[in-house]
Protein chains: 2
Amino acid sequence: MRGSFQALRTIPFQTSIRPKSTKGRAKRPKMASQNVASADDFGEHVESTSVPGKQSTERFPRSSRPNAFTELMRHKPTAQEADKPTQKTVFAGRDGLAAYTIDPESFPPTRVVYHNERFVVINDLYPKASIHLLLLPRDPIKNVMRPQDAFDDAQFLEDCRQEEKKVRATVASELRRRFGKHSASDRPRIEAMESDDPPDELPPGRDWAQDVMSGIHANPSMSHLHIHVLSKDMVSEPMKKRNHYLSFTTDFLVGLEHFPLAKDDYRRRYTHFPEDMLCWRCGENFGNKMSKLKEHLAMEKEQWIRE
Amino acid sequence: MRGSFQALRTIPFQTSIRPKSTKGRAKRPKMASQNVASADDFGEHVESTSVPGKQSTERFPRSSRPNAFTELMRHKPTAQEADKPTQKTVFAGRDGLAAYTIDPESFPPTRVVYHNERFVVINDLYPKASIHLLLLPRDPIKNVMRPQDAFDDAQFLEDCRQEEKKVRATVASELRRRFGKHSASDRPRIEAMESDDPPDELPPGRDWAQDVMSGIHANPSMSHLHIHVLSKDMVSEPMKKRNHYLSFTTDFLVGLEHFPLAKDDYRRRYTHFPEDMLCWRCGENFGNKMSKLKEHLAMEKEQWIRE
DNA sequence: TATTCCGATAGTGAC
DNA sequence: GTCACTATCGGAATGAG
């Protein structure tokens, strides 16, 4: 299982016109940069919001506006490949996560990032950040408990923590893959990797793990237990509503390190969001002005990437 | 002036394929009923919302859905004739009524119903009922006063009352013209008029004057004094918002008989609408459900006409 | 705090 | 309550035989 996970983590950017995988630290062919530029250039806002699965194909969200060149270069997804809501997921309402835990194989690799006996990891159907994965425990008992109750079980909690570590590493790795070449602190590593004579030991580069958040929502709407693992930029097309933003930027998001919660911890019964929306990066108060906040977050994302 | 007004009142249904006017009680030719059926049939929802002016041409609001026959029969308005907002009116904001009082001749006859030295009567640009006229005093001093203050002047008030009587009669006459043939109580009169041997004295028919409302808004938004004169059905496409409805169905609408107001009358400083919306005809409470109310009002209009 | 659809609510800008 | 535009806010349904 760990071997499979490792392989996954190192799967580079994929399109149908690239080999399906390259090995761990292998030097990328220079021509790969063309593909990278066509789809990963955040300046063009065309990066995919999903982490590639084992046989994934690249896709673009509807909000993408590829220019003429990228339009020519990119692989047009077929209806089957398209990573859209399906009858099984969207129309199942609050039980929409059940199908993943029961039959992960029935979903396209763009949706299910990986799965093992105890967990399924998927790309959130409505990502609220550039990268947004869900870690779904498959245990059908724990599955339908409120997370605050399920995590009273020490063993289950520990299992989730272990798996969450892997998912966090996946997100960090994906951040580097997508944005590393725009990051000042990642540049030494990138340049070493792409040099004609790469060193045996790469420079560490940027610690993207610091830009990963995770935890459960104190009052989830979906009935199956899901652990959010996402980048902290909060920029995505489906990020539309006040509660979307606040659910990841307040203590409504409860990290696994807080569990088990005390019996009287208020996060066992969180009710609503009285708070203003504050930019996660600069702290500016946007009150309830979602449109203004979204513009601002897009700007902050660029700055954040360039760090 | 009175002669001109009388002529106006008796101008029958008009299209470009009919003579511009017929005299007072003159017997209508039978073929006129074809025109009446084509444009006045409320069952087809094709009546114009505007009262014809002296040289008016018939028009249809965008919401009209004429059937194939009426489509063939009717005169298609040109862009110039079209009774749409103009730069002069709409873009003048709160002063949009000024232009009518200053230069009524510059407007098409579909807009200005009539004018004399002291008053201009127009079709409301956004009618809130099947028929909705505005009586505009031209006096440039009184003009820009709040109506509650302007009507403290007894002579001005009396002048407005006299003119309002005429406008109310115009609206009543227009109601008969449009809806009389669908009205049970108006039928004896209609049948007498259309008979081969009409009596010298027509039966009185329905008293449409009872279906006319008028008055000023206690807190008008438009800066020029305007007296609303309208049918009580409250059915129109521009009737969209809660305040539209409540402004005509509560004591926010103040009839001229109430003036001059006592110095401390609350209607001198009306603030807001705390009220639910009640159907003017059956009293049903629609709370703040505007869509539901609109559906209901359309049904009530049909019943009301058939009375 | 699943989304989507519809509709009600609120602020602004027009000149 | 001038409208029109944008956006925010608020409830209800969401599947299927």
Side-chain angles (χ1 to χ4, degrees), chain A residues 84-100 124-128 134 146-147 215-224 226 228 237-254 267 269-273 275 277 286-295, chain B residues 84-85 87-99 124-128 134 146-147 215-224 226 228 237-250 252-254 267 270-273 277 286-294:
Chain A
K84 288 178 184 169
T86 64
Q87 186 132 347
K88 199 158 37 172
T89 54
V90 155
F91 296 125
R94 292 173 181 275
D95 293 325
L97 298 178
Y100 299 112
D124 192 296
L125 193 50
Y126 303 98
K128 304 306 188 300
L134 296 182
R146 303 185 71 248
I216 57 95
H217 279 160
N219 189 18
S221 285
M222 301 297 274
S223 50
H224 289 74
H226 51 289
H228 296 271
E237 195 273 331
M239 165 65 72
K240 292 175 177 172
K241 304 177 56 165
R242 171 186 156 86
N243 58 350
H244 294 158
Y245 187 74
L246 291 174
S247 72
F248 291 106
T249 56
T250 65
D251 56 8
F252 188 85
L253 181 73
V254 191
R267 292 168 292 188
R269 298 287 171 188
Y270 207 108
T271 53
H272 59 301
F273 298 118
E275 297 134 279
M277 295 186 291
F286 287 83
N288 56 359
K289 309 297 185 196
M290 194 63 196
S291 285
K292 296 281 165 55
L293 174 63
K294 285 200 68 168
E295 284 179 40
Chain B
K84 289 177 182 169
Q87 186 129 351
K88 199 159 36 173
T89 54
V90 156
F91 295 125
R94 291 172 181 273
D95 293 326
L97 298 178
D124 193 296
L125 194 50
Y126 303 98
K128 304 305 189 297
L134 295 183
R146 303 185 70 247
I216 57 94
H217 279 160
N219 189 18
S221 285
M222 301 297 275
S223 49
H224 289 74
H226 51 288
H228 295 270
E237 196 272 332
M239 165 64 74
K240 292 176 177 172
K241 304 176 57 165
R242 172 185 156 85
N243 56 351
H244 293 157
Y245 187 75
L246 291 174
S247 70
F248 291 106
T249 56
T250 65
F252 188 84
L253 181 73
V254 191
R267 291 167 294 188
Y270 207 108
T271 53
H272 59 302
F273 298 119
M277 295 187 290
F286 287 83
N288 58 357
K289 308 297 185 195
M290 194 62 196
S291 285
K292 295 282 167 52
L293 174 63
K294 285 201 67 168

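FYI, side chains are in, hydrogens and waters are out, and symmetry mates aren't considered; it's all heavy atoms of this structure. Lettering of chains follows the sequences in order, A, B, ..., and the numbering in each one begins at 1.
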Enquirer: Can you tell me how far P of D:dA7 sits from CE of A:M239, to the nearest Å?
Expert: 17 Å

Enquirer: Quickly work out the A:N288 CG to C:dA10 P distance and round it to whole Å.
Expert: 12 Å

Enquirer: Could you state the CG-P distance from A:L134 to C:dT3, rounded to the nearest angstrom?
Expert: 11 Å

Enquirer: Heavy atoms only, 4.0 Å cut-off, all strands: where does A:T250 land among base, sugar-phosphate and nothing?
Expert: nothing

Enquirer: Got a second to check how far B:T249's OG1 is from B:L293's CG, nearest 0.5 Å?
Expert: 8.5 Å

Enquirer: With a 4.0 Å cutoff (strictly under), does any side-chain N or O of B:K292 reach OP1 or OP2 of C:dC6?
Expert: no

Enquirer: State which of D:dA7, C:dA8, C:dT4 makes the closest approach to the side chain of B:K289.
Expert: C:dA8

Enquirer: Test of understanding: with side chain to side chain contact (heavy atoms under 4.5 Å, CB included), list the residues that count as partners of A:K241, not counting sequence neighbours.
Expert: A:N243, A:H244

Enquirer: Contact class for B:T271 vs. all strands (heavy atom < 4.0 Å): base, sugar-phosphate, or nothing?
Expert: base

Enquirer: Where the side chain of B:M290 is concerned, which of C:dT4, C:dA8, D:dC9 is the nearest nucleotide?
Expert: C:dA8

Enquirer: Compare the minimum distances between each of C:dT9, D:dC9, C:dT3 and the side chain of A:R242, then state the nucleotide with the smallest one.
Expert: D:dC9

Enquirer: Please pick, from D:dA4, C:dT3, C:dT4, the nucleotide with the shortest atom-to-atom distance to any side-chain atom of B:K240.
Expert: D:dA4

Enquirer: Counting Watson-Crick and G-U wobble pairs with both distances under 3.5 Å, what is the dot-bracket string for DNA chain C, 5' to 3', using [ ] for crossing pairs and | for pairs to another strand?
Expert: .|||||||||||||.

Enquirer: Does a side-chain N or O from A:S291 land closer than 4.0 Å to OP1 or OP2 of D:dT8, or not?
Expert: yes

Enquirer: What nucleic acid atoms does B:K128 come within less than 4.0 Å of, heavy atoms only: base, sugar-phosphate, or nothing?
Expert: sugar-phosphate

Enquirer: Of all residues at least two apart in sequence or in a different chain, which pass the side chain to side chain donor-acceptor pair (under 3.5 Å) check with A:R267?
Expert: A:D265

Enquirer: Please report the distance, rounded to the nearest Å, between CE in B:M277 and P in C:dT9.
Expert: 7 Å

Enquirer: Between B:F248 and B:H228, how do the two ring planes meet: parallel, tilted or perpendicular, split at 30° and 60°?
Expert: perpendicular

Enquirer: Got a sec, which residues hit side chain to side chain donor-acceptor pair (under 3.5 Å) with A:H224, two or more places apart in sequence or on another chain?
Expert: none

Enquirer: What interatomic distance, in whole Å, is found between P of D:dG17 and the corresponding atom of C:dT4?
Expert: 24 Å

Enquirer: C:dT4 C1' sits how many Å from A:E237 CD, rounded?
Expert: 13 Å

Enquirer: Test of understanding: with side chain to side chain contact (heavy atoms under 4.5 Å, CB included), list the residues that count as partners of A:T250, not counting sequence neighbours.
Expert: A:L246, A:F252, A:Y270, A:F273, A:E275

Enquirer: Expressed in angstrom and rounded to an integer, what is the separation of B:D95 atom CG from D:dC3 atom C1'?
Expert: 14 Å

Enquirer: Specify the separation, in whole Å, of atom NE2 of B:H272 and atom C1' of C:dA10.
Expert: 15 Å

Enquirer: Considering residues at least two apart in sequence or located in another chain, which fulfil the side chain to side chain contact (heavy atoms under 4.5 Å, CB included) criterion with A:K292?
Expert: A:F286, A:K289

Enquirer: If we only count heavy atoms from C-beta on, is the A:N219 to A:T271 side-chain gap below 4.5 Å?
Expert: no

Enquirer: Regarding B:H226, tell me which of base, sugar-phosphate or nothing describes its non-hydrogen contacts under 4.0 Å with the strands shown.
Expert: sugar-phosphate

Enquirer: Which nucleotide in the set D:dC3, C:dT3, C:dT9 lies at the smallest distance from any side-chain heavy atom of A:Y126?
Expert: C:dT3

Enquirer: Measure from the side chain of B:R94, starting at C-beta and using heavy atoms only, and say which of D:dC9, C:dA8, C:dA14 lies closest.
Expert: C:dA14

Enquirer: Whole angstroms only, please: what is the CZ-P distance between B:F273 and C:dT9?
Expert: 13 Å

